[in-house]
Amino acid sequence: MIRRRFIGSAALFGVAGIMGFAMRPKKKPLLHHVFFWLKNPQSEADKQQLISGLKTLAAIPTIRQIHVGVLASTEKREVVDTSWSVSELMFFDDEAGQKIYQDHPLHQDFIKNCSHLWEKVVVYDAIDV
(Lines give C-alpha, C1' and ligand atoms only; values in the text may rest on other atoms or scores of the structure.)
Protein backbone atom coordinates (compact mmCIF):
# COMPACT_ATOMS: atom_id res chain seq x y z
CA MET A 1 0.00 0.00 0.00
CA ILE A 2 2.78 2.44 0.91
CA ARG A 3 4.57 1.61 -2.34
CA ARG A 4 1.41 2.29 -4.39
CA ARG A 5 0.89 5.60 -2.64
CA PHE A 6 4.53 6.54 -3.30
CA ILE A 7 4.28 5.62 -7.00
CA GLY A 8 0.98 7.52 -7.31
CA SER A 9 2.45 10.59 -5.60
CA ALA A 10 5.60 10.44 -7.74
CA ALA A 11 3.49 10.23 -10.91
CA LEU A 12 1.33 13.14 -9.78
CA PHE A 13 4.40 15.31 -9.05
CA GLY A 14 5.89 14.31 -12.42
CA VAL A 15 2.77 15.35 -14.32
CA ALA A 16 2.55 18.59 -12.32
CA GLY A 17 6.19 19.31 -13.11
CA ILE A 18 5.68 18.71 -16.81
CA MET A 19 2.58 20.90 -16.85
CA GLY A 20 4.41 23.66 -14.99
CA PHE A 21 7.30 23.49 -17.46
CA ALA A 22 4.94 23.55 -20.44
CA MET A 23 3.06 26.57 -19.09
CA ARG A 24 6.19 28.69 -18.51
CA PRO A 25 6.95 31.10 -21.32
CA LYS A 26 9.93 29.73 -23.24
CA LYS A 27 12.90 31.90 -24.05
CA LYS A 28 13.68 32.06 -27.73
CA PRO A 29 17.41 31.94 -28.46
CA LEU A 30 18.74 34.75 -30.61
CA LEU A 31 21.54 34.39 -33.16
CA HIS A 32 23.57 37.48 -34.02
CA HIS A 33 25.60 37.04 -37.21
CA VAL A 34 27.87 39.87 -38.33
CA PHE A 35 29.92 40.09 -41.51
CA PHE A 36 32.86 42.49 -41.85
CA TRP A 37 34.46 43.81 -45.03
CA LEU A 38 37.96 45.09 -44.31
CA LYS A 39 39.17 48.40 -45.73
CA ASN A 40 42.41 46.61 -46.60
CA PRO A 41 41.31 43.04 -47.37
CA GLN A 42 44.85 42.01 -48.37
CA SER A 43 46.25 43.00 -44.96
CA GLU A 44 46.76 39.93 -42.78
CA ALA A 45 47.65 42.25 -39.87
CA ASP A 46 44.29 44.04 -40.12
CA LYS A 47 42.44 40.74 -40.34
CA GLN A 48 44.24 39.38 -37.26
CA GLN A 49 43.59 42.61 -35.32
CA LEU A 50 39.87 42.35 -36.09
CA ILE A 51 39.79 38.65 -35.14
CA SER A 52 41.57 39.38 -31.87
CA GLY A 53 39.14 42.19 -31.11
CA LEU A 54 36.14 39.97 -31.83
CA LYS A 55 37.47 37.25 -29.53
CA THR A 56 37.56 39.72 -26.61
CA LEU A 57 33.75 39.87 -26.83
CA ALA A 58 33.53 36.29 -25.50
CA ALA A 59 33.98 37.75 -21.99
CA ILE A 60 30.53 39.39 -22.15
CA PRO A 61 28.37 37.25 -19.84
CA THR A 62 25.23 37.12 -21.97
CA ILE A 63 27.04 35.57 -24.94
CA ARG A 64 26.35 31.84 -24.68
CA GLN A 65 28.59 30.88 -27.58
CA ILE A 66 30.72 32.77 -30.08
CA HIS A 67 32.26 31.70 -33.37
CA VAL A 68 34.70 33.96 -35.22
CA GLY A 69 35.42 32.85 -38.75
CA VAL A 70 36.92 33.59 -42.13
CA LEU A 71 35.94 32.36 -45.58
CA ALA A 72 35.92 28.61 -45.98
CA SER A 73 37.42 27.14 -49.12
CA THR A 74 34.20 25.43 -50.13
CA GLU A 75 32.84 25.02 -53.63
CA LYS A 76 32.24 28.33 -55.40
CA ARG A 77 28.56 28.65 -56.27
CA GLU A 78 26.42 31.55 -57.42
CA VAL A 79 24.49 31.64 -54.11
CA VAL A 80 27.62 31.86 -51.92
CA ASP A 81 28.82 35.35 -50.99
CA THR A 82 32.60 35.38 -50.73
CA SER A 83 33.04 39.14 -50.62
CA TRP A 84 33.42 39.50 -46.83
CA SER A 85 36.59 39.06 -44.76
CA VAL A 86 35.65 38.05 -41.20
CA SER A 87 32.42 37.01 -39.50
CA GLU A 88 31.18 36.47 -35.98
CA LEU A 89 28.25 34.36 -34.91
CA MET A 90 26.94 34.78 -31.36
CA PHE A 91 24.25 32.90 -29.50
CA PHE A 92 22.15 34.60 -26.81
CA ASP A 93 19.40 33.20 -24.59
CA ASP A 94 17.02 35.92 -25.76
CA GLU A 95 16.71 39.48 -27.06
CA ALA A 96 17.40 40.92 -23.61
CA GLY A 97 20.80 39.21 -23.56
CA GLN A 98 21.64 40.62 -26.97
CA LYS A 99 20.68 44.14 -25.79
CA ILE A 100 23.01 43.80 -22.80
CA TYR A 101 25.79 42.81 -25.22
CA GLN A 102 25.12 45.85 -27.44
CA ASP A 103 25.50 48.23 -24.50
CA HIS A 104 28.35 46.38 -22.74
CA PRO A 105 31.62 48.33 -22.29
CA LEU A 106 33.64 45.53 -23.96
CA HIS A 107 31.48 45.82 -27.08
CA GLN A 108 31.78 49.59 -27.05
CA ASP A 109 35.59 49.28 -26.67
CA PHE A 110 35.69 46.82 -29.56
CA ILE A 111 33.87 49.31 -31.81
CA LYS A 112 36.14 52.16 -30.71
CA ASN A 113 39.34 50.13 -31.21
CA CYS A 114 38.50 48.21 -34.38
CA SER A 115 36.00 50.20 -36.45
CA HIS A 116 38.83 51.83 -38.39
CA LEU A 117 39.58 48.38 -39.87
CA TRP A 118 36.31 47.83 -41.73
CA GLU A 119 34.55 49.60 -44.56
CA LYS A 120 31.26 47.72 -44.28
CA VAL A 121 29.38 45.67 -41.68
CA VAL A 122 26.17 43.67 -42.22
CA VAL A 123 24.23 42.20 -39.30
CA TYR A 124 21.67 39.40 -39.39
CA ASP A 125 19.72 38.79 -36.17
CA ALA A 126 17.46 35.75 -36.06
CA ILE A 127 15.23 34.42 -33.29
CA ASP A 128 14.48 30.75 -32.81
CA VAL A 129 11.08 29.54 -34.06
Side-chain angles (χ1 to χ4, degrees):
M1 187 65 161
I2 293 173
R3 184 173 178 211
R4 283 188 187 150
R5 196 175 319 147
F6 172 76
I7 292 171
S9 296
L12 181 61
F13 283 117
V15 169
I18 290 169
M19 292 302 292
F21 178 76
M23 295 174 77
R24 273 186 256 147
K26 294 180 180 148
K27 289 184 177 180
K28 295 197 176 235
L30 184 136
L31 281 67
H32 178 70
H33 208 165
V34 184
F35 293 87
F36 297 88
W37 284 258
L38 291 171
K39 284 182 183 173
N40 302 307
Q42 304 308 317
S43 171
E44 190 61 29
D46 285 3
K47 182 190 291 185
Q48 290 307 315
Q49 185 180 353
L50 178 57
I51 290 169
S52 294
L54 287 168
K55 288 183 176 183
T56 66
L57 301 174
I60 298 173
T62 60
I63 297 173
R64 296 297 169 232
Q65 187 177 358
I66 183 172
H67 175 270
V68 177
V70 295
L71 284 168
S73 57
T74 53
E75 175 186 356
K76 304 298 182 228
R77 297 178 297 141
E78 193 174 301
V79 296
V80 177
D81 181 358
T82 59
S83 64
W84 53 274
S85 303
V86 178
S87 76
E88 70 169 353
L89 174 61
M90 296 178 175
F91 295 81
F92 297 92
D93 285 339
D94 52 25
E95 291 181 35
Q98 196 267 352
K99 173 65 172 140
I100 290 169
Y101 153 78
Q102 288 295 332
D103 299 333
H104 197 281
L106 286 175
H107 183 237
Q108 297 304 313
D109 286 346
F110 163 74
I111 293 168
K112 184 176 82 180
N113 296 328
C114 292
S115 62
H116 69 280
L117 298 170
W118 62 74
E119 68 177 358
K120 177 181 172 183
V121 177
V122 175
V123 177
Y124 298 97
D125 287 333
I127 192 122
D128 201 38
V129 294

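Heavy-atom basis, side chains included; hydrogens, waters and symmetry copies ignored.
Distance check, rounded to the nearest 0.5 Å: CG of D109 to OG1 of T56 gives 8.0 Å. Atom CD of Q98 sits about 5.5 Å away from atom CG of L30, to the nearest 0.5 Å. Within the model, atoms CG of D125 and NE2 of H33 stand 11.0 Å from one another, a figure rounded to the nearest 0.5 Å. I127 CD1 to L31 CG: the interatomic distance, rounded to the nearest 0.5 Å, is 9.5 Å. Atom CG of residue L50 and atom OG of residue S85 lie 8.0 Å apart, to the nearest 0.5 angstrom. Note that CG of D93 and CD1 of I63 are 11.5 Å apart. Values are rounded to the nearest 0.5 Å.
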Exercise. Determine, step by step, whether H107 and Y101 satisfy the ring pair (Phe, Tyr, Trp, His ring centres under 6.0 Å) criterion, reporting the C-alpha distance in whole Å, the side-chain angles of both residues, the deciding distance to 0.1 Å, and the verdict.
Key: CA-CA 7 Å; H107 183 237; Y101 153 78; 4.3 Å; yes
Practice problem: Carefully, step by step, assess L54 and V86 under the rule side chain to side chain contact (heavy atoms under 4.5 Å, CB included). | Solution: CA-CA 10 Å; L54 287 168; V86 178; 3.6 Å; yes
Practice problem: List the steps and the verdict of side chain to side chain contact (heavy atoms under 4.5 Å, CB included) for E119 and L38. | Solution: CA-CA 6 Å; E119 68 177 358; L38 291 171; over 6 Å; no
Quiz item: Given Q49 and H116, is the side chain to side chain contact (heavy atoms under 4.5 Å, CB included) satisfied, shown in steps?
Solution: CA-CA 11 Å; Q49 185 180 353; H116 69 280; 3.7 Å; yes
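Side-chain contact between H32 and F92 is present, with at least one heavy-atom pair separated by less than 4.5 Å. Between K47 and P41 the shortest side-chain heavy-atom distance does not fall below 4.5 Å.
In terms of the side-chain contact (heavy atoms from CB on, under 4.5 Å) criterion, residue partners of S83 (sequence neighbours excluded) are, by chain and number, W37, D81. D103 pairs by the salt bridge (charged side-chain N to carboxylate O under 4.0 Å, His left out) definition with K99, not counting sequence neighbours.
Side-chain atoms of Q108 come within 3.5 Å of backbone N or O of Q102 as a donor-acceptor pair. Without hydrogens or angle criteria, R77 side chain to T74 main chain gives no donor-acceptor distance under 3.5 Å. With hydrogens and angles disregarded, a donor-acceptor distance shorter than 3.5 Å links the side chain of D94 to the backbone of G97. In this structure, S87 contributes its side chain and F35 its backbone to no donor-acceptor pair below 3.5 Å.
No single ILVMFWY cluster, assembled from side-chain heavy atoms under 4.5 Å apart, contains both L89 and L71. Note on V80: it does not cluster hydrophobically with V70, by side-chain heavy-atom contacts below 4.5 Å among ILVMFWY residues. The hydrophobic cluster containing W84 also contains Y124, counting ILVMFWY residues as joined when their side-chain heavy atoms lie under 4.5 angstrom apart, directly or transitively.
Of all heavy-atom pairs spanning S115 and K112, the tightest one is OG-O, 4.3 Å. Between L57 and L106, the shortest heavy-atom distance links the atoms CD2-O, 3.7 Å.
Between F110 and W118, a ring centre-to-centre spacing shorter than 6.0 Å is recorded.
Among L117, I51, V121, the single residue meeting the side chain to side chain contact (heavy atoms under 4.5 Å, CB included) criterion with F36 is V121.
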